[in-house]
Number of protein chains: 2
Amino acid sequence: MGVSVSSRRKIPAAALIRLPMYLRLLGEVTVQGMTHISSDQLAELAAVNAAKVRKDLSYLGSYGVRGVGYEVAFLSYQIQRELGVNREWPIVIVGAGNLGQALANYGGFVERGFGLVGVFDTDPEKVGSEVGGICVQHLDELSEVVQTRNVSIGVLATPAATAQEAVNRLVRAGVGSILNFVPSVLSVPRGVHISKVDLAGELQILSYYEQQKANSLSHIQATTTSSRAVSA
Amino acid sequence: MGVSVSSRRKIPAAALIRLPMYLRLLGEVTVQGMTHISSDQLAELAAVNAAKVRKDLSYLGSYGVRGVGYEVAFLSYQIQRELGVNREWPIVIVGAGNLGQALANYGGFVERGFGLVGVFDTDPEKVGSEVGGICVQHLDELSEVVQTRNVSIGVLATPAATAQEAVNRLVRAGVGSILNFVPSVLSVPRGVHISKVDLAGELQILSYYEQQKANSLSHIQATTTSSRAVSA
DNA sequence: CAATGTGAATATATTCACAGCT
DNA sequence: AGCTGTGAATATATTCACATTG
């Protein structure tokens with residue numbers, strides 16, 4: 001059967017992180033009845049440069065039509081295929097504390113094709129309780145669920161102290177990618193992907209900007225130097 | 001009384017996002033009794049290149065000692081000062097749905113100096129209920145709380161449909177930085193910072209990697225086919 | 001002499017600008 | 001005519017490698 005290679009090319013990380021946004025925007029314009037969209041229009045919606053949109057999309061292939069733009073439905077499909085989201089991905093959450101429970105209840109995952117098939121914890125208080133419509137299981141059950149439900153993506157939301165052990169278990173169980181909400185640096189074997197979301201860290205970055213503004217108030221004068229590197 | 005400029009230099013974004021991690025790691029090694037640390041050691045803990053650590057830290061100033069390393073307490077203090085986290089930052093959360101409630105209950109914010117002083121929603125069902133130890137207020141109250149409590153950072157967790165309006169209100173109320181959990185592209189006036197966390201988007205990126213792995217397993221044969229089909 | 005701080009080298013990302021299609 | 005796709009130019013980030021220094 002036509003194996004129809006979904007992707008030979010490797011998409012640069014910087015472009016990859018924008019694909020989910022494009023995909024979402026395409027969904028919105030579809031609802032609005034648009035059948036075609038230009039890079040300029042999509043760029044405007046995404047609040048990025050149009051050349052960036054075109055270059056990002058060019059990593060998927062040449063799916064645009066010169067003089068016309070991109071067909072929304074076709075482009076959506078191609079992005080979905082590239083991201084691998086043209087199927088359901090079962091996920092598990094490890095850690096049923098505040099954040100884990102929150103994530104389990106968060107509708108945004110299911111909505112985009114990530115169905116929760118297990119929530120795990122080691123705390124006997126939590127095991128057996130229901131979270132996100134699912135009965136919290138003991139971490140010892142992780143491996144079985146991962147294997148029977150064919151889970152390759154795990155979400156980590158344990159306390160920092162037990163995070164590495166939880167990662168080890170996820171990896172041993174067969175999970176290949178982990179979304180880590182624990183503010184710790186965790187190690188995984190080669191071939192396993194781990195991406196991090198540091199919620200408090202995000203706020204710390206914002207406080208940097210706020211502080212900068214506060215500081216520059218003492219400057220009063222805002223010299224907007226519009227220096228353009230003009231080439232001779 | 002010298003104004004003791006906390007920061008004249010502007011730290012590159014790529015370096016800035018690592019400062020919270022360094023700060024956290026320095027806290028950990030402090031607990032372990034270390035008083036000094038080299039860029040090699042910190043790099044190992046952070047799982048990054050040592051030159052990167054030194055360059056990142058160099059944006060703060062020359063706080064290391066050649067042949068010795070960095071004094072942990074002093075470096076921590078400097079990073080805190082640079083990030084502006086050597087003080088409490090009151091925050092508000094707009095949107096008391098699943099995610100908003102979760103974030104309100106998330107201990108990680110307070111732990112790092114971001115005290116929740118208000119949770120807002122427009123849904124009469126939610127207004128009046130208690131979330132994260134705080135009574136949910138109507139969005140109309142936002143402005144007063146922001147002003148009286150001197151809030152400059154807001155967290156956005158509304159439904160997508162009302163997100164832009166919520167942003168407008170935050171900005172009008174005087175909030176200068178927004179952490180956006182809503183998967184929409186939102187616009188803010190110049191001078192206001194908005195940073196985005198797209199939870200489902202993160203999973204979509206992971207599914208890309210998982211799919212890549214799956215594809216490369218089926219590689220095995222197919223050396224005869226030139227490659228991409230397609231083309232009319 | 002061990003480790004920083006930093007220029008220089010390299011790698012990656014963004015943007016420009018336009019040739020080439022439809 | 002209008003828009004894509006992409007080389008070339010620019011900007012930003014990472015890494016190397018070493019002179020410098022306590």
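Letters A, B, ... are given to chains in the order of the sequence lines, protein chains preceding strands, and every chain is numbered from 1. None of these values were measured; they are calculated from a predicted model.
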- Residue-level proximity of residues 37-52 of chain B to DNA chain D when a heavy atom falls under 4.0 Å: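 Hits under 4.0 Å, by residue number: Asn49(B), Ala51(B), Lys52(B).
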- Item | Aromatic ring pairing Tyr209(A)/His193(B), orientation class (parallel under 30°, perpendicular over 60°, tilted between) |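 The rings of Tyr209(A) and His193(B) lie parallel, inter-plane angle below 30°.
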- Quick one: is Tyr59(A) getting a side-chain N or O under 4.0 Å of the dA13(C) phosphate, OP1 or OP2?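 No, Tyr59(A) has no side-chain N/O under 4.0 Å of OP1/OP2 on dA13(C).
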- Message: Measuring to OP1 and OP2 of dT14(D), would you say a side-chain N or O of Arg18(B) lies under 4.0 angstrom away?
- Response: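 Yes, within the criterion.
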- Message: Using a distance-only criterion (donor-acceptor N/O pair, under 3.5 Å, no hydrogens), is the base of dT6(C) paired with the side chain of Lys55(B)?
- Response: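 No such pair is found, so the answer is no.
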- Query: With a 3.5 Å cut-off and just heavy-atom distances, do the side chain of Arg66(B) and the base of dT4(C) make a donor-acceptor pair?
  - Reply: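 Indeed, a donor on one side and an acceptor on the other fall under 3.5 Å apart.
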Looking at every heavy atom in both [X] and [Y], which two are closest together, and how far apart are they?
{"X": "Gln204(B)", "Y": "Leu23(A)", "value": "NE2-CD2, 4.1 Å"}
{"X": "Arg81(B)", "Y": "Tyr63(B)", "value": "NH2-OH, 3.8 Å"}
{"X": "Ser58(A)", "Y": "Lys55(A)", "value": "OG-O, 2.6 Å"}
{"X": "Ala160(B)", "Y": "Val182(B)", "value": "CA-CG1, 3.5 Å"}
{"X": "Leu103(B)", "Y": "Ala157(B)", "value": "CD1-CB, 4.4 Å"}

- Message: Looking at Glu44(A), I want to see if its CD is surrounded by more than 12 non-hydrogen atoms of other residues, nucleotides or ligands under 6.0 Å.
- Response: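 Not buried by this count: 12 neighbours or fewer within 6.0 Å.
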- Message: If you assign each of Ala14(A) and Val68(A) to its closest nucleotide in DNA chain C, which residue comes earlier from the 5' end?
- Response: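 The residue closer to the strand's 5' end, by nearest nucleotide, is Ala14(A).
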Figure out the [atom1]/[atom2] separation between [X] and [N], and round it to whole Å.
{"X": "Arg54(B)", "N": "dA17(D)", "atom1": "CZ", "atom2": "P", "answer": "12 Å"}
{"X": "Asp56(B)", "N": "dA13(D)", "atom1": "CG", "atom2": "P", "answer": "10 Å"}
{"X": "Leu60(B)", "N": "dG5(C)", "atom1": "CG", "atom2": "C1'", "answer": "13 Å"}
{"X": "Leu16(B)", "N": "dA13(D)", "atom1": "CG", "atom2": "C1'", "answer": "14 Å"}
{"X": "Leu57(A)", "N": "dT6(D)", "atom1": "CG", "atom2": "P", "answer": "12 Å"}
{"X": "Gln78(B)", "N": "dG5(C)", "atom1": "CD", "atom2": "P", "answer": "12 Å"}
{"X": "Phe74(A)", "N": "dT4(D)", "atom1": "CZ", "atom2": "P", "answer": "15 Å"}
{"X": "Tyr70(B)", "N": "dA3(C)", "atom1": "OH", "atom2": "C1'", "answer": "9 Å"}

- Query: Where the side chain of Pro12(A) is defined as all heavy atoms beyond and including C-beta, which of dG5(C), dT4(D), dA13(C) is the nearest nucleotide?
  - Reply: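 Given the options dG5(C), dT4(D), dA13(C), the side chain of Pro12(A) is closest to dA13(C).
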- Item | Per Ser62(B) side chain, nearest of listed nucleotides dG5(C), dG5(D), dT22(C) |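 When the side chain of Ser62(B) is considered, dG5(C) is the closest of dG5(C), dG5(D), dT22(C).
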